[in-house]
Number of protein chains: 2
Amino acid sequence: MARIEDVARSAGVSTATVSRALRGLPHVSSETRERVREVARELGYVASPSAASLASGRTRTIGLLTPWVNHWFFANVIDGAERALRAQGFDALLYTFEISRDLRRRQVDPDVLRRRVDGVIVVGMPLDRDEVAALVGLGHPLIFIGTGAPGQVTVRVDDLRTATEATEHLLRLGHRTIGHITGSPQDNAPWAPPIDRRSGWKEAMARAGAAPSPELEVNGYFDVEGGRESTCRLLARRPDVTAIFAASDEMAMGAILAARELGRRVPEDLSVIGIDGHDLGELVGLTTMAQSAEDQGTAAATLLLGMIAGTPAPEQVIFPTQLVVRTSTSAPVAHLAT
Amino acid sequence: MARIEDVARSAGVSTATVSRALRGLPHVSSETRERVREVARELGYVASPSAASLASGRTRTIGLLTPWVNHWFFANVIDGAERALRAQGFDALLYTFEISRDLRRRQVDPDVLRRRVDGVIVVGMPLDRDEVAALVGLGHPLIFIGTGAPGQVTVRVDDLRTATEATEHLLRLGHRTIGHITGSPQDNAPWAPPIDRRSGWKEAMARAGAAPSPELEVNGYFDVEGGRESTCRLLARRPDVTAIFAASDEMAMGAILAARELGRRVPEDLSVIGIDGHDLGELVGLTTMAQSAEDQGTAAATLLLGMIAGTPAPEQVIFPTQLVVRTSTSAPVAHLAT
DNA sequence: CTGCCGTGCGGGAGCGCTCCCGCAAAACCG
DNA sequence: CGGTTTTGCGGGAGCGCTCCCGCACGGCAG
């Protein structure tokens, strides 16, 4: 396997010049650069990343921390981020931290990242104060997507407003008793989407004079099964609920599933709206507040690479959400009748 | 930041002993090992991966090559693989190679992987002969999931049999004119799932005396939109089709969508079966041949780590698929009538 | 008692780059 | 035209590990 010295010898220059030539640094004449490139190609030379990292202290690698990749939001964010990183010659190192219903999530261990990455993107994962401090302690740029952290650069949507609009869509249709499916009871980080989404629902309800009672709130844990099961509980407790606003499309789909099981027609007997713009939303006619996860991934990656290059980044980048009305929401039957 | 020498000095031993002690190698007394560990903890010492890689030639990193991560199969495989890798202290480096309908997929460039990984997992991506040769040329263990390559270790399901069973399920219900949604016309690698799945359909049809005419075959490109659109084409061409076997759940969901648009009831006017066991299949009552993508990812990772450690691996690991009957398949209406 | 092997440990040569410095020659400048 | 900067390039000291080799010492078989 060719080393930089082989290229240097073969091109009749020093290793320093080969390094400069191949990396596009200045202080190399264009003829020399071309000759070095040619020789490198002939020898099939590829610089050793380990050696380069060791010598330079830079790894050209970004750590992607996420609960899972098999959920719509996360998969799309990662797809977008990975592509943007690769376009700039950076590698994406994946670390998952499964969040399950019962088990406490494994702590983020900064030691694993130490000297291994030039920056970190945290995707949709609320971190406690110590974890954030540990990541900051790595001394590399850090960026959050979806879930933020105080004082950290965050790419996200306006959760409060998005939730407000979703709720108002239902209110406008004439619903008064609107249930809300949120995440886990453990979601209590003040900078986490479920909190803001619940607040948006509460505020919109209160403003409309509809009481956002705690009875109308259930935990759906951000997955389909949680949405289904929590909807069953909600409807048993409050059969008068005519509409449900779920904090994610996956939970909204679970709600539709539950309605079907309970013999409630959607939207006639139960309107359902979610947040995300899940690919399969169309399949079930799900009305939703759509966001672009992929764009957020791309933006975060680009921002992070900028920070690594020394460009100051804005503390918040807010992405838009858009109401997409399909067939899972309508006026309540009672309302239609009058 | 503490270096190995700091630990050595502080513990009163040589760097060689620190290295041995911390990595659990023999020829270190247990008292020395404990002392070294203690000192390392106090100093917050973490070995530099770059330096270790450079010196040892091993990176403890695995390359994951996949078209995308935002598709059910791929996301779940990657989730499973990443967890298994991490459990053994290996890192997962993600490389996506978007396969789109029009654009030719970007070639796999082995140079990017060179000296960066100790092994490679290719997830559901048919590679041409040169690409396989290039990856083999890296000199590291290589393993395929879903899509194989001749002579390479592959983790997959029995696509031929799975397709046969899916088709036979429809035949048993009384269907005779069964359409098939396959992938892209460019799928021609003989070791790729779409090919085997089509063969399974053809064979089952032929065995049942139902002509598997090319007219019954459409390209769905393995996504929801492709499934929807191709189903519209198929039903326009052959309105007598009473059932569709799609090579993936995502395409099957597209087929259901199309049926709905065309005013065909599922399953009364059109039965649909897919392959995968997609999380959201239940939502639309999709009958499917379920497989566990996550288990395949875990198995591949475990196998690969074994190969790195020198354990010989079987050339094929076949995972089971299981018929899950839901509400998207039934006897054809005509059949019911008689 | 002698020879041999296993254990515990240290010395130090690499691994393959990057980057600081130094130097000559060319370019620039009033 | 002399001085100053810029450009092009080489030398070589690191970067922080791993691993080969050598050495001392104790146990053990013959």
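In what follows, chains carry the letters A, B, and so on, assigned in the order in which the sequence lines appear, proteins first and then strands, with residues in each chain numbered from 1.
For DNA chain C, the residues of residues 48-62 of chain B within the heavy-atom distance limit of 4.0 Å (strictly under) are B:L54, B:A55, sorted by number.
The backbone N or O of A:S292 sits less than 3.5 Å from a side-chain atom of A:Q296, completing a donor-acceptor pair. Distance alone, capped at 3.5 Å, is enough to place a donor-acceptor pair between the A:T298 side chain and the A:E294 backbone. A distance-only check finds no donor-acceptor pair linking the side chain of B:R35 to the backbone of B:G12 [under 3.5 Å]. No side-chain donor-acceptor contact under 3.5 Å links B:R60 to the backbone of B:P49. Side-chain atoms of A:S14 come within 3.5 Å of backbone atoms of A:T17 as a donor-acceptor pair (strictly under, hydrogens ignored). A distance-only check finds no donor-acceptor pair linking the side chain of A:N70 to the backbone of B:A75 [under 3.5 Å].
Checked against side chain to side chain donor-acceptor pair (under 3.5 Å), B:S48 has no partners two or more places apart in sequence or in another chain. The ring pair (Phe, Tyr, Trp, His ring centres under 6.0 Å) test applied to A:F74 returns A:W68, not counting sequence neighbours.
A 4.5 Å side-chain heavy-atom check between A:D6 and A:Y45 finds every atom pair outside the cut-off.
Taking every nucleotide of DNA chain D with any atom under 4.0 Å from a non-hydrogen atom of chain B, the first and last of them, 5' to 3', are D:dG16 to D:dC19.
End-to-end axis angle for the helix from C:dC1-D:dG30 to C:dG30-D:dC1, using five pairs per end and rounding to 10°, comes out at 20°.
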- I would like to know whether A:H71 and A:T66 meet side-chain contact (heavy atoms from CB on, under 4.5 Å); could you show each step before the answer? CA-CA 10 Å; A:H71 279 55; A:T66 179; over 6 Å; no
Point to revise | side-chain contact (heavy atoms from CB on, under 4.5 Å) evaluation trace for B:M125 with B:E131 | key: CA-CA 11 Å; B:M125 202 163 56; B:E131 290 175 311; over 6 Å; no
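Side-chain contact check for B:T96 and A:R86: at least one donor-acceptor pair (N or O, by modelled atom type) lies under 3.5 Å.
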Tabulate atom names and distances for all N/O pairs under 3.5 angstrom spanning the protein and nucleotides 6-9 of chain C.
from: C:dC9; atom 1: OP1; to: B:S29; atom 2: OG; distance (Å): 3.4
from: C:dC9; atom 1: OP1; to: B:T32; atom 2: OG1; distance (Å): 2.6
from: C:dC9; atom 1: OP2; to: B:S29; atom 2: N; distance (Å): 2.7
from: C:dC9; atom 1: OP2; to: B:S29; atom 2: OG; distance (Å): 3.4
from: C:dC9; atom 1: OP2; to: B:T32; atom 2: OG1; distance (Å): 3.3

